[in-house]
Amino acid sequence: MESAWLAQRIGEPTARGIAAALTDLIRQGTVTAQTRLPTVRSLARELGVSSGTVAEAWSELRRHGMIHTDRRRGTVVLGPPDVPRPIRYERIGHWGDRLAIDLAIASPDPALLPPLEAALIAAAGAEGLNDYARETITPRLRAAVEPDWPFPAQGWLAVGGGYEGVQLLCQTTALPGDRIAIEEPTAARLLDILETIGVQIVPVACDEQGPVPESLAKALRARPVAFVYQPRGQSPCGHAVTAERSAELAALLEPTSTLIVEDDGIGELSVSPMVSMGTRFPDRTVLVRSYSKSHGPDLRIAIIGGAADAVERVRVLRSFGIGWTSRILQDTLAHLLGDGEVRERVAHARTVYAGRRARLKAELAQRGVPTGGGDGLVLWVPVREESAALVTLAARGISVAAGSRYVIGPAATHHLRLATARLTDDPGELAALADVITLAARGGLSGGS
């Protein structure tokens, strides 16, 4: 495509105008898939604008899946706009129907979840039921969660799961092009969320005690509007932030205005104490605590508690759509949290999950495969080569998650993420599984299943 031809069809030479004009041309079929677009510089010259203006338009089109850029072919048209997809979260290997052991999804063991019948019946009489009044959190649920909150929250909101809470906080804090600092590696869905809302991701390296202070200091020089991290049960690495490390990070964050978002993804299933920076920065810390893995995924409940302004922005955005989380679901969780037998059941589940993770970790360590981390429902396993390891395991009926899904760019080292919540409790079967994982980690591939 010639720069002059495209420039003549752009009525408003702004980033938004350029993106809108090209979108119309693609929708109408005037510009078809595989058409190579002019360079940023040549179109900017024709329009009399800066290269940055055209680059911003290209970025918007790329975000909606309409164009793609590679070094050899330049920028080419893919087709009409599509809904952005969570490509990392969806990128789980499809290996046919031979898979017998699923270690790819870190979902809870249904046998360890509390029964919901009594709680649902009790919640069916929730106060204000079927009223269109938009209730951020029911009085029963707030009374149930507030005593265990690690700092005095200024605002409260029940949302539809932990990732919705994190997504809405990021979406209402950052404008497209803003920077958000996050741990690396981190949850695949978080990376998808940040890329979809159009922010620049600033990585922060981690070790066994959480985000590394020197790396956070470097990230803060980019002036991110938010820092998102997992204080405990970190996925995929399994580390938990110590009180000493939290103090070091807090000292770096103190002179900034960066919003601190703490993602407590496994909540009450964590074996580590919750160390929150909200005790030091209550005005700009928000904790998102999920109850999906501990009390039931179908409850679709997470609680946002913390800085009043940040929580209010999320409430306002939700008012355009769902408005509020079902009072029945909120009071169901409240009933579960207040039930002594349920608390014992969750404590038992925490012990079982920790044991399963620890046993596979020990089996792999005996075979010379280090995993690190002491908390969470996953193991982060170093491998010689990711693709070969995935094929080795798939050939034996085992699915796992590729480590490349949890990093921002190309990784210097290769890993697999193994979900441990549903591992076998049979010692012989676990040893056999560790043998296969070790083979995969070392790059071996032999026939048979």
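From a predicted model like this one, the values you see are computed outputs, not experimental measurements. Heavy atoms only: backbone and side chains are in, while hydrogens, waters and symmetry mates are out.
A donor-acceptor pair under 3.5 Å is formed between the side chain of R357 and the backbone N or O of V378. In this structure, E386 contributes its side chain and H414 its backbone to no donor-acceptor pair below 3.5 Å. Checked by atom type and distance alone, the side chain of R36 never pairs as donor or acceptor with a backbone atom of V76 at under 3.5 Å. Put simply, the side chain of R422 gets close to the backbone of P108: a donor and an acceptor are under 3.5 Å apart. Of the possible donor and acceptor atoms, one in the side chain of D375 sits under 3.5 Å from a partner among the backbone N and O of G233. A donor-acceptor pair is defined here as one N or O able to donate and one able to accept, closer than 3.5 Å; such a pair exists between the side chain of E385 and the backbone of A388. Looking at R327, its side chain does come within 3.5 Å of a backbone N or O of D131 through a donor-acceptor pair. No side-chain donor-acceptor contact under 3.5 Å links K293 to the backbone of L377. Side-chain N or O atoms of T23 include one that pairs as donor or acceptor with a backbone N or O of A19 at under 3.5 Å. A distance-only check finds a donor-acceptor pair linking the side chain of T279 to the backbone of S276 [under 3.5 Å].
Closest non-hydrogen pair, I137 versus A158, comes out as CB-N, 4.4 Å. The minimum heavy-atom distance linking Y406 with L191 is given by the pair C-CD1, 3.7 Å. Shortest non-hydrogen contact noted between A187 and Y163 is CB-OH, 3.2 Å. Taking both residues in full, the closest heavy atoms of A243 and V275 are given as CA-CG1, 3.9 Å, listed atom of the first, atom of the second, then distance. The two residues E56 and A15 come nearest to each other via the heavy atoms CD-CB, 3.6 Å. Residues G162 and V288 approach most closely at O-CG1, 3.6 Å, considering heavy atoms.
Of the listed residues (R318, R134, E135, R300), just one forms a side chain to side chain donor-acceptor pair (under 3.5 Å) with T325, and that residue is R318.
Ion pairing between a basic and an acidic side chain is recognised when a charged N comes within 4.0 Å of a carboxylate O; D109 and R356 show such pairing. E262 has no carboxylate O lying under 4.0 Å from a charged side-chain N of R232, or vice versa, which leaves the two without a salt bridge. Ion pair E254/R280 flagged as a salt bridge, since at least one NZ, NE, NH1 or NH2 atom sits closer than 4.0 Å to an Asp/Glu carboxylate oxygen. Look at R284 and D309 and you find no salt bridge, because none of the NZ, NE, NH1 or NH2 atoms lies under 4.0 Å from a carboxylate O.
At a threshold of 4.5 Å between non-hydrogen side-chain atoms, the residues T420 and Y353 do not count as touching. For the pair C237 and P185, the minimum side-chain heavy-atom distance is below 4.5 Å. In this structure, L25 and L6 have side chains that are in contact, with non-hydrogen atoms separated by less than 4.5 Å. Side chains of I180 and I201 form no contact here, defined as non-hydrogen atoms less than 4.5 Å apart. With a 4.5 Å cut-off on side-chain heavy atoms, L360 and I437 count as touching. For the pair P13 and I18, the minimum side-chain heavy-atom distance is 4.5 Å or more. No side-chain heavy atom of I101 sits less than 4.5 Å from a side-chain heavy atom of S399. With contacts defined as side-chain heavy-atom distances shorter than 4.5 Å, the pair Q230/E183 qualifies.
Counted within 6.0 Å of CZ on R9, heavy atoms from surrounding residues, nucleotides or ligands total more than 12; the atom is thus considered enclosed. No more than 12 heavy atoms of other residues, nucleotides or ligands lie within 6.0 Å of CG in D298, so this atom counts as exposed by the packing criterion. Heavy-atom contacts from other residues, nucleotides or ligands closer than 6.0 Å to CD of E2 number 12 or fewer.
Atom-to-atom distance recorded for T256:OG1 and F281:CZ is 7.5 Å, nearest 0.5 angstrom. Atoms CG and CG, from L379 and L103 in turn, are 9.5 Å apart once rounded to the nearest 0.5 Å. Of the inter-residue distances, the one linking T392 atom OG1 with R442 atom CZ reads 13.0 Å to the nearest 0.5 angstrom. Here L37 contributes atom CG and H68 contributes atom NE2; the two are 12.5 Å apart, rounded to the nearest 0.5 Å. Note that CG of L43 is 13.5 Å distant from CZ of R41, once rounded to the nearest 0.5 Å. Interatomic distance, L249 CG to Y229 OH, rounded to the nearest 0.5 Å: 7.0 Å.
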| said: Using the rule given for side chain to side chain contact (heavy atoms under 4.5 Å, CB included), can you reason through H295 versus E268, listing the C-alpha separation, both sets of side-chain angles and the distance that settles it, and then say yes or no? | reply: CA-CA 9 Å; H295 291 78; E268 296 189 10; 3.6 Å; yes

| said: The test is salt bridge (charged side-chain N to carboxylate O under 4.0 Å, His left out); show your working for R245 and D207 and say whether it passes. | reply: CA-CA 11 Å; R245 176 59 58 82; D207 61 18; 2.9 Å; yes

| field | Residues D264, M274; criterion side chain to side chain contact (heavy atoms under 4.5 Å, CB included); working and verdict | value | CA-CA 9 Å; D264 193 18; M274 177 68 193; 4.2 Å; yes

| Run the side chain to side chain contact (heavy atoms under 4.5 Å, CB included) check on T196 and Q167 step by step: do they pass? | CA-CA 10 Å; T196 298; Q167 176 183 355; over 6 Å; no

| message | Go through it in stages, so that I can follow the logic: the residues are W380 and L416, the test is side chain to side chain contact (heavy atoms under 4.5 Å, CB included), and I'd like the CA-CA distance, side-chain angles, deciding distance and then a yes or no. | response | CA-CA 6 Å; W380 188 239; L416 301 178; over 6 Å; no

| said: Run the side chain to side chain donor-acceptor pair (under 3.5 Å) test on T186 and E184 for me, step by step, so that the C-alpha distance in whole Å, both residues' side-chain angles and the decisive distance to 0.1 Å come before the verdict. | reply: CA-CA 5 Å; T186 191; E184 188 181 40; over 6 Å; no

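A donor and an acceptor atom, one from each side chain of D283 and Q154, are located under 3.5 Å apart.
Not counting sequence neighbours, the partners of T53 by the side-chain hydrogen bond (donor to acceptor under 3.5 Å, both in side chains) test are S50.
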Without placing hydrogens or testing angles, list every side-chain donor-acceptor pair under 3.5 Å for residues 210-228, not counting sequence neighbours.
| residue | atom | partner | partner atom | Å |
| --- | --- | --- | --- | --- |
| S215 | OG | A205 | N | 2.8 |

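Both cation-pi conditions hold for R289 and W149: the charged atom is under 6.0 angstrom from the six-membered ring centre and inside a 45 degree cone around its axis.
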